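Please read the structure below before turning to the comments.
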Amino acid sequence: MTTERIEDLTDPTFNPYLADELVFGDMLDPYPRIAELRAQAPVVEGDFRTLMGIPGQPGDEGRPHYLVLSYAAIDQVLNDPAAFSNRAFEPTLGAAFGHTVSVMDPPEHTTYRKILQKAFRPQVVQEWGTGIVAPVIDELVAAFRHTGRAELVEQFARPYPFNVIYRMLGLPQEDIEVFYKLTIAQIITYPSMDNALDASAKLGRYFKGMLDRRRADPGTDVVSVIATTEVDGEPLPDDVAISFLRQLINAGGDTTFRTTTALFTGLLTHPVQLDAVRADRSLVAAAVEEALRWDGPVLSSAREAMRDTVVDGVPVPEGALLDMLYGSANHDATVFDDPDRFDIFREKHRHFGFAFGIHNCLGQQLARLEMSRAVNAVLDELPNVRLDPARPAPHMRGAMMRVPRELRVVFD
Ligand code: HEM
């Protein structure tokens, strides 16, 4: 029998809403230190979490560990999945989400990725724009539109992508509070794994029920597509479907929240650029790409070297764990002029905000659509929106998954 209602964590004393500083580091700006390291070499021995004073991840004790820093080095690793494996994620994302595409290598990854991509076809994403994203924005903005001021992190950017996903999944209102708590708890894998595993198991049972109901009575929603799509005449195995749904919430919710906030921060702290976008909405797309490059949330990712190899001229031994510093490549001055500056007018160049290669972000069309709609809505609905001059200027914070504590604005 599958569970209908969502079950809360077994440990009632555990609070998953630990401060971001504790989970992702308290450094105001990690980019100068990263630039120093990149100036030493394109790939440097070391591990990012220790360097930034963040508690370590399980599974990497005593292993050779390297920071991949230059644009060319990141590009090389992402384009060579045979030499650089995603099994590096097994002790972390694999433990929290299960056997998801992020921990797979080809040929398994190729098969499942193709199926999941069906659920995110451009036409489907466009339909979500009208049917799901627009009403979520209307609801959030309606709560403060007439007040003349707002705090955009908590009143808009954080709930926004999560509310989109709840609607995509068709989650009943009464399950949302516990559901959100479990999604946050499932990725807090220290000081102990117990609560993460408890959250992951409970989300798994909940998703199993959802998949069974959709298989019995399919609709056109994303869960129905995942529940009913076949690979060589067989349905997607439950463990792959469930792990994908677990990942969807964190991969799609937290990252979009943080990038939307980076986008607002970049524009609001650069009023000339904000005015330009206000006047010419064809600039929104460039502003979205610049936010992803300037301070995208996935500052660091992971791969494992499958053989002795050389990355951008630096030897790396078989079995080494690689911290893939997309945030470093995105600030590589050999590719991006004055890279720490937020500049929506900079010359266009591919960035690694959504990574690249076979594991590039599956939700990127949705994320771009959500961010574009968010900027347009804020500019349309909050006339002359600007930073509240009575409050200190906002700063992105944290060594990874960065976000400002608050973003206070006023409008006419
Ligand atoms: C602005 C928001 C987002 C950012 C910055 C972002 C970033 C990324 C990055 C950098 C990766 C590659 C990680 C790696 O392999 O090193 C990735 C993968 C992925 N993302 Fe996103 N993401 C965002 C939104 C979303 C959304 C909205 C969804 C789904 C609804 C999503 C689903 C996924 C999935 C399933 C993967 C794994 C793909 C694979 O391994 O084949 N992401 N994302």
Side-chain angles (χ1 to χ4, degrees), residues 68 74-75 77-79 81 84-89 92-94 97-106 108-121 124-125 128-129 132-133 157 160-169 183 222-223 225-226 240-241 243-264 288-304 322-327 329-330 351-375 400-403:
V68 183
I74 291 282
D75 201 37
V77 173
L78 290 180
N79 281 298
F84 303 101
S85 165
N86 271 46
R87 63 197 258 181
F89 284 119
T92 52
L93 297 187
F97 300 142
H99 196 54
T100 174
V101 274
S102 285
V103 305
M104 294 178 192
D105 290 321
E108 190 188 28
H109 175 265
T110 322
T111 307
Y112 292 126
R113 164 110 188 181
K114 220 186 302 167
I115 295 168
L116 295 172
Q117 233 154 348
K118 279 195 184 167
F120 285 81
R121 286 193 319 275
V124 176
V125 172
W128 288 336
I132 295 181
V133 176
Y160 170 47
F162 287 99
N163 289 358
V164 167
I165 293 174
Y166 301 153
R167 285 185 190 227
M168 277 166 62
L169 298 178
T183 64
V222 68
V223 185
V225 175
I226 291 166
V240 176
S243 67
F244 178 71
L245 291 172
R246 285 200 195 99
Q247 177 169 16
L248 187 70
I249 329 152
N250 291 93
D254 212 44
T255 47
T256 310
F257 147 55
R258 290 171 194 276
T259 322
T260 304
T261 313
L263 174 57
F264 287 162
V288 166
E289 296 311 311
E290 177 62 352
L292 284 155
R293 182 206 68 82
W294 178 62
D295 222 340
V298 188
L299 204 153
S300 175
S301 187
R303 294 292 187 270
E304 180 177 329
L322 306 183
D323 285 346
M324 299 286 287
L325 292 185
Y326 301 149
N330 285 339
H351 60 71
F352 293 109
F354 290 125
F356 193 69
I358 62 166
H359 287 279
N360 74 74
C361 178
L362 191 68
Q364 57 187 283
Q365 279 88 359
L366 175 61
R368 286 194 172 97
L369 180 143
E370 288 181 280
M371 286 190 282
S372 309
R373 296 243 174 166
V375 173
M400 58 204 294
M401 303 301 276
R402 289 156 52 70
V403 76

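Quick note: residue numbers are just sequence positions, from 1. Just so it is clear, the structure is predicted and the values come from calculations on it, not from any experiment. Whatever order the structure lists them in is the order used to number ligands and atoms, beginning at 1. Because only heavy atoms are used, hydrogens play no part in the values below, and waters and symmetry mates are left out as well, while side chains stay in.
The aromatic rings of F162 and Y166 lie tilted to each other, with the angle between the two planes from 30° to 60°. Below 30°, between 30° and 60°, or above 60°: for H359 and H109 the angle between ring planes is between 30° and 60°, a tilted geometry.
Donor-acceptor pairing under 3.5 Å is lacking for the side chains of Q117 and R121. Defined by atom type and a distance below 3.5 Å, a donor-acceptor pair is present between the side-chain atoms of T100 and Q247. There is no side-chain donor-acceptor pair under 3.5 Å between D323 and S300.
Across A119, G363, A367, P161, heavy-atom proximity to atom 28 (C) of ligand 1 is greatest for G363. In this comparison of F120, F244, F97, the heavy atom closest to atom 35 (C) of ligand 1 sits on F244. Atom 26 (C) of ligand 1 has its nearest heavy-atom neighbour, among A302, G353, A88, G252, in G252. Compare S301, P81, A262 by their heavy atoms: the one nearest to atom 14 (C) of ligand 1 is in S301.
For T256, no nitrogen or oxygen atom sits less than 3.5 Å from a nitrogen or oxygen atom of ligand 1, counting backbone and side chain alike. Residue contacts with ligand 1: E370 is placed with no nitrogen or oxygen under 3.5 Å of a nitrogen or oxygen of the ligand (distance criterion only). When only interatomic distances are considered, the shortest N/O to N/O separation between N360 and ligand 1 does not fall below 3.5 Å. Where the criterion is an N or O separation shorter than 3.5 Å, residue side chain and backbone included, H109 meets it with respect to ligand 1.
With a heavy-atom cut-off of 4.0 Å, T255 touches ligand 1 through backbone and side chain alike. In R258, neither the side chain nor the backbone holds a heavy atom less than 4.0 Å from any atom of ligand 1. By the criterion of a heavy-atom distance under 4.0 Å, the side chain of V298, and not its backbone, is placed next to ligand 1.
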